[in-house]
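Here's the structure, in structure tokens; my notes come after.
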Amino acid sequence: MKKIILAALLLPCLLLAQQKVSIIPQPVSIQIDKGSFIVDNTTSISFKKSDKDLKATADFLSAGISKISGINLPQNKGKGKKIAFKISPTEEIGEEGYLLNVSSSEVRITANTNKGLIYGIQSLFQVLPQVRTNAILKIPSMQIKDYPRFKWRGMHLDVSRHFFTVDMVKEYIELLAYYKMNTFHWHLVDDQGWRIEIKKYPKLTEIGAWRVDQNDKIWAKRPQAKAGEELTYGGYYTQEEIKEVVKFATARGVNIVPEIEMPGHVASAIASYPELSCNQKFQLPLTGGDYTDMSSNYCPGNENVFQFNEDVLTEVMALFPSQYIHIGGDEVDKSSWKSCPKCQARMKTENLKTEEELQSYFIKRIEKFIVSKKRKMIGWDEILEGGLAPEAVVMSWRGEKGGIEAAKMHHEVVMTPGNPVYFDHYQAGPDGEPLAIGGMNTLRKVYDYEPIPKELPIENRKYILGAQANLWTEYITTNEGVEYMVLPRMLALAEVVWSPAAAKDWTSFNQRLKWHYRGFQQKGLHYSEGSNKIEITPKVENGQLTVALASEVVGSEIFYTLDGSDPNNNSIKYDAPFTIKKTAAVRAVSVYDGKVANGIPSKLDFAIHKASGKNVNYLNKPSSAYKANGDNSLTDGVRGTFNVTKYWHGFYAKDMVATIDLGETTTVSKLALGCLQNKVDWIFFPTAVKFEISTDGINYKEVGQSELPLEKSNEPAAIHNFTTNFVAQKAKFVRITAKIIPALPKGHNGEGKPGWLFADEIVVE
């Protein structure tokens, strides 16, 4: 069956051979020969005895073989078949590359370093059974030359929002290593929990590691804990446990980068030592949800704060050999600094004009200390604000803009944009999927990611170290949840950061992925089979509304209906984008090998009106982060949901002023604008909406205003149609102005700052 599929896809003969060896990430080059090497009781491991690192590597291989077969491979036996390691200067493959040669009598792995040998072993493990078996351990005869494209191939895990045991952390590292990811970003500190033992400051784990158990509530709806409530949920890692995990990771070629947040996201530290904050008041660690009434920043005007952080980092660096130390630096609410006498005095003494410069002062002082210990400081892209520290490495998460800016300044950069490498976002559904924080980063979206932005000048591209996926755990409370959200997306990213860009092939990846799915099943790992969901994409162009359908299921066909009924392989077969001219309820499914793929049919309802398919012009363009399906999303007939990344245009700090050319003069008697409110995400309804019409596009007449009902204003999350009805009149143009809230209300964590306005559809009837 596999050969028939490949022939149908007209893949080259070499790729056909490669498909028999389902290694992920795809090696730089691979040649499959006839024959195989059989691992049995006559096999031994051979290496230079004087090299102690090779002894540890041999133990790693031997343990892996024993786990799946019970065979214990002797070392340096001298006779019989061999799996041989060799450290030898080899051009092209670099520090982490390897050469793997397999014949019927010998498996030979050659590398420049022990890391390269470990990656060669991982490739061997991927062609062997995944769990204990009595089957023959057969390795195909082959020749592989392999080395990574990027230096930084990372995965992040947030253990602050939800604590995970040492065993789970080891499992996570094991998965990283198996797919040649070399960096584990361990997010150990945040508002909701301090997770690392610091001997000089025991209260950090006595108090800061614990909070009120509210796991029965959705994260965003958890109330702030109150004094007197029992702190029962949490945990932390002792320094001995940290050493154990570091040793485990090192044996697998994985470097652990610890993150110790500062100057913000430290409510757990402030709860332990209130004197480190501006107001010096005790607060309970956050339980989730909003940051209201919470002192969660260090006071940069307090000299003791710097001594505290230097003491903490000293203990951290003694535990972690990593060259890079992550200090966070993101999402600092600087309002407490503005009213703090110590902070204002510091600004005056240091000649700092803004609180952004005060943050930069803080970061630069910390960097100077880290550099004095012969380490490198890395932080989220907010560390650019107020001036970047001299040797800082930037982790670009708010898109790629910060990373591009830093690379142009000749600073090293790790790309980790929320779209597409935040793995706390949905990967399918969202119908039928575990509750996630939002967004939609599918397997295909991750696989198609290119860490080097096209707009980055060629001479600056060398500063891109690589890419990383982040797993924040607001909505992930279990080991099974962690597994499900990273598998198989981590495999897609592994191929992005390891394999040559030209070698990436979505069809080949999918074929190889099937072997790994079987391995997940055998190991009892929880995973998503990728998105069976059909992507339904409306497009407004040339006065018409068309719909395109796409599936991630390789080799599948798409069938759809327009009346809301569930489709099957007898429904309309999709061949090309089709036009929507009247109200329709589109439903679509993938059909593979004659069977409908598992999952709920994808659906999108279209409400057609007089503005459907018409062009929209804006006085103030919507944010590039929330552009839905393009400039004309407000006339595509689709209403938004509470998933803010779909079908909504977002406007920040400026009013929405949208003008539609209806194409011809027509009779109009009703206008409406759909808007979203989600206060925790700074999204508020407009304060007022004004509706105007015109026959010439120059002279406009106001036909109504719509105010927000009081009951809707008080709702934390809601969708509302701002509507006006009037006596029928002639119009060719419609203009709608929605007034943005100029300052978020008192008590909100963004108090005083402008809010966001989200709009989904302009209805003209």
Side-chain angles (χ1 to χ4, degrees), residues 158-163 187-196 198 201 203-212 214 219-220 222-227 229 231 233-234 236 259-302 304-306 308-309 312 326-340 342-343 346 355-356 358-359 362-363 366 379-380 382-383 385-386 397 472-474 679-682 744 746-753:
D158 165 23
V159 297
S160 176
R161 272 86 177 182
H162 289 288
F163 178 73
H187 188 79
L188 291 161
V189 172
D190 215 305
D191 290 308
Q192 292 82 9
W194 186 286
R195 304 298 182 204
I196 178 172
I198 302 298
Y201 299 101
K203 290 182 182 179
L204 290 171
T205 46
E206 290 172 2
I207 297 173
W210 306 94
R211 65 175 188 256
V212 176
Q214 295 188 2
W219 183 266
R222 295 180 181 187
Q224 175 58 43
K226 298 176 182 178
E229 291 189 88
L231 308 180
Y233 183 80
Y236 64 92
E259 181 180 357
I260 309 298
E261 276 275 7
M262 62 184 80
H265 280 288
V266 288
S268 54
I270 303 304
S272 308
Y273 297 95
E275 64 270 21
L276 299 174
S277 68
C278 292
N279 62 23
Q280 301 187 5
K281 292 180 180 178
F282 171 81
Q283 298 280 1
L284 287 170
L286 287 175
T287 56
D290 209 340
Y291 291 79
T292 304
D293 298 326
M294 194 64 215
S295 177
S296 58
N297 299 341
Y298 291 127
C299 174
N302 183 350
N304 291 334
V305 164
F306 293 96
F308 169 84
N309 278 295
V312 168
H326 205 301
I327 53 82
D330 62 313
E331 297 180 327
V332 181
D333 180 358
K334 306 174 184 66
S335 56
S336 62
W337 297 356
K338 294 178 181 179
S339 58
C340 173
K342 288 184 179 180
C343 289
R346 175 81 73 186
E355 280 69 29
E356 284 71 27
L358 181 59
Q359 175 173 325
F362 187 109
I363 298 297
I366 294 298
W380 303 109
E382 283 95 333
I383 66 173
E385 296 171 3
W397 73 278
W472 302 100
T473 58
E474 285 93 336
K679 293 182 179 180
V680 71
D681 291 329
W682 296 31
L744 296 177
K746 188 174 182 179
H748 191 277
N749 63 306
E751 179 181 335
K753 298 178 181 178

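Values below: all heavy atoms of this structure, side chains included; hydrogens, waters and symmetry mates excluded.
Judged as a side-chain hydrogen bond (donor to acceptor under 3.5 Å, both in side chains), and not counting sequence neighbours, Thr205 has no contacts. The side chain to side chain contact (heavy atoms under 4.5 Å, CB included) check on Lys342 picks up Gln280, Cys299, Asn302, Cys340, with sequence neighbours excluded. By the side chain to side chain contact (heavy atoms under 4.5 Å, CB included) test, Asp330 pairs with Glu261, His265, Trp380, Glu382, Trp397, sequence neighbours left out. In terms of the side-chain hydrogen bond (donor to acceptor under 3.5 Å, both in side chains) criterion, Trp210 has no residue partners (sequence neighbours excluded). Remark: Asp333 pairs with Asn297, Ser335 by the side chain to side chain contact (heavy atoms under 4.5 Å, CB included) rule, at least two apart or across chains. Contacts of Tyr273 classified as side-chain hydrogen bond (donor to acceptor under 3.5 Å, both in side chains), with partners at least two apart in sequence or in another chain: none.
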Apply side chain to side chain contact (heavy atoms under 4.5 Å, CB included) to Trp194 and Ile260, showing your working. CA-CA 9 Å; Trp194 186 286; Ile260 309 298; 4.2 Å; yes

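Using a 4.5 Å cut-off on side-chain heavy atoms (C-beta onward), Leu276 and Tyr201 make no contact. Considering only heavy atoms from C-beta on, Pro263 stays 4.5 Å or farther from Pro300 through its side chain. The closest side-chain heavy-atom distance from Cys343 to Lys334 is not below 4.5 Å. When side chains are defined from C-beta on, His162 counts as touching Trp219, because their heavy atoms get closer than 4.5 Å. Contact of the Ile327 side chain with the Asn309 side chain is not registered, since no non-hydrogen atoms from C-beta on lie closer than 4.5 Å.
Listed here is the closest heavy atom pair of Val189 and Ser268: CG1-OG, 4.4 Å. Shown here for Ala271 and Ile207, the closest heavy-atom pair between the two residues is O-CG2, 3.8 Å.
By the 30° and 60° cut-offs, the orientation of the rings of Phe362 relative to Tyr298 is parallel.
Taken to the nearest 0.5 Å, the CZ atom of Arg161 stands 3.5 Å off from the CG atom of Asp190. With rounding to the nearest 0.5 Å, the separation of CD in Gln192 from CG in Asp158 is 7.5 Å. Rounded to the nearest 0.5 angstrom, Met262 CE and Ile366 CD1 are separated by 5.0 Å. Summarising the geometry, atom CD belonging to Glu259 is positioned 8.5 Å from atom CG belonging to Leu188; distances are rounded to the nearest 0.5 Å.
A distance-only check finds a donor-acceptor pair linking the side chain of Arg195 to the backbone of Ser160 [under 3.5 Å]. Judged purely by atom type and a 3.5 angstrom limit, Ser272 uses its side chain to pair as donor or acceptor with the backbone of Lys203. Between the side chain of Gln359 and the backbone N or O of Gly329, at least one donor-acceptor pair lies under 3.5 Å.
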